[in-house]
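Since the structure comes first, as structure tokens, the remarks are kept for the end.
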Amino acid sequence: MAVTAPRFSELGFYTLAGGAQNPRDLVTECARAEELGLGAVFISERFNVKEAVTLSGAAAVATTNMTIITGATNHNTRHPIVTGSYATTMHRLTGGRFVLGIGRGIGPLFDAYGIPRITTAQMEDFATVMRRLWHGETIIGNDSPIGAYPVLRLDPSFDEDIPLGLVAFGPNSLELGGRAFDHVILHTFFTDETLQRCVATVKRAAERSGRDPDSVTVWSCFATIGDHLPEPLRLKKTVGRLATYLQ
């Protein structure tokens with residue numbers, strides 16, 4: 001059966017938003033989003049019932065034409081071979097509808113869990129290593145910002161062009177997104193002026209790196225709260241979202 005393109009490929013949504021506790025809601029949300037014609041589903045990750053690998057697999061079978069984007073997972077919580085295998089599996093499972101999106105994560109939370117904080121150099125190096133592995137390369141004696149590994153290898157027959165995404169807020173991350181990633185996901189609650197400045201930063205960085213600026217998709221994140229909810233709950237969600245995202 002032929003797969004039709006989404007009506008609104010430039011629009012997407014975050015599934016399981018607002019502290020959702022039932023991961024199965026993703027299936028219903030994705031089905032409804034496709035009915036509406038949305039072009040992408042974003043999957044954020046939390047260390048509870050929002051593990052990104054499991055959720056993206058569910059999204060793959062719950063959708064037929066939407067792009068599935070992790071927005072975001074972290075490169076330092078899985079071995080690079082595990083992450084590379086996950087992305088390749090999703091890429092083939094979805095017929096090329098998957099974007100592996102990473103982010104810097106929350107520093108104090110990593111400190112509490114004993115996980116090293118993520119640097120810009122690590123995220124750039126991760127993108128380079130993933131692309132080498134997806135194109136069948138075996139990396140011997142890797143000693144780079146993402147770590148030291150005797151051997152990194154997926155499958156020498158691989159020749160996959162899998163898009164990479166980056167959740168970017170600050171100038172260093174925005175420039176990194178422009179020069180090394182295919183999708184850049186911005187912060188919530190940006191003013192129009194800030195949004196324009198961030199997009200310009202990404203596009204300029206892409207151009208300086210010899211890339212086509214139009215090849216980098218920049219996603220603006222707009223928070224919404226349905227008016228079907230009772231007013232006290234709407235207020236709670238509004239304040240909660242602002243408090244967590246404007247720190």
Side-chain angles (χ1 to χ4, degrees), residues 10 12-14 17-19 40 42-47 50 52 67 69-78 80 83 87 99-131 144-147 162-224 238-247:
E10 75 281 11
F13 80 105
Y14 266 97
F42 293 84
I43 298 173
S44 60
E45 186 164 47
R46 299 289 183 271
F47 299 137
K50 291 182 69 176
T67 300
I69 305 173
T70 55
T73 187
N74 304 119
H75 83 268
N76 64 337
T77 52
R78 300 176 184 88
T83 304
V99 177
L100 176 63
I102 64 169
R104 196 178 297 275
I106 303 173
L109 185 62
F110 284 162
D111 294 343
Y113 290 156
I115 301 172
R117 292 196 180 201
I118 294 172
T119 67
T120 302
Q122 287 173 343
M123 294 190 291
E124 186 161 14
D125 184 43
F126 174 80
T128 299
V129 169
M130 284 297 108
R131 289 196 165 105
S144 65
I146 64 167
I162 303 174
L164 283 165
L166 180 70
V167 174
F169 305 153
N172 290 339
S173 296
L174 291 166
E175 290 184 1
L176 170 60
R179 68 175 178 264
F181 287 78
D182 307 293
H183 294 255
V184 176
I185 305 162
L186 301 179
H187 206 303
T188 320
F189 302 118
F190 277 177
T191 64
D192 291 347
E193 180 184 32
T194 300
L195 174 61
Q196 292 170 355
R197 174 170 48 82
C198 289
V199 172
T201 300
V202 172
K203 300 295 184 176
R204 281 197 303 266
E207 193 168 18
R208 285 198 301 268
S209 299
R211 307 176 70 198
D212 178 3
D214 292 338
S215 70
V216 184
T217 300
V218 182
W219 294 90
S220 173
C221 191
F222 183 74
T224 62
T238 303
V239 174
R241 184 77 176 185
L242 285 166
T244 54
Y245 277 75
L246 294 184
Q247 296 182 43

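This structure is a prediction, so every number in the text was calculated from the model and none was measured.
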Would the distance check show the side chain of Asn74 and the main-chain N or O of Ile102 forming a donor-acceptor pair, the cut-off being under 3.5 Å? no
Taking the side chain from Asp182 and the backbone from Gly165, do they hold a donor-acceptor pair closer than 3.5 Å? no
Test item: [X] and [Y] side chains (from C-beta on) under 4.5 Å apart, heavy atoms:
X: Ile118; Y: His75; answer: yes
X: Glu175; Y: Thr201; answer: yes
X: Arg204; Y: Arg208; answer: yes
X: Val216; Y: His183; answer: no
X: Tyr14; Y: Ile43; answer: no

Might you work through the side-chain contact (heavy atoms from CB on, under 4.5 Å) test for Thr83 and Leu100, ending with a clear yes or no? CA-CA 9 Å; Thr83 304; Leu100 176 63; 3.8 Å; yes
Using a distance-only test with no angle check, is there a side-chain donor-acceptor pair under 3.5 angstrom linking Asn172 and Thr120? no
Do we see a donor-acceptor contact under 3.5 Å between the side chains of Thr191 and Thr194? yes
Decide if atom CD of Glu193 counts as having more than 12 heavy atoms of other residues, nucleotides or ligands within a radius under 6.0 Å. no
State yes or no: are the ring centers of Phe189 and Phe222 separated by less than 6.0 Å? no
Got a sec, which residues hit side chain to side chain contact (heavy atoms under 4.5 Å, CB included) with Ala72, two or more places apart in sequence or on another chain? Val167
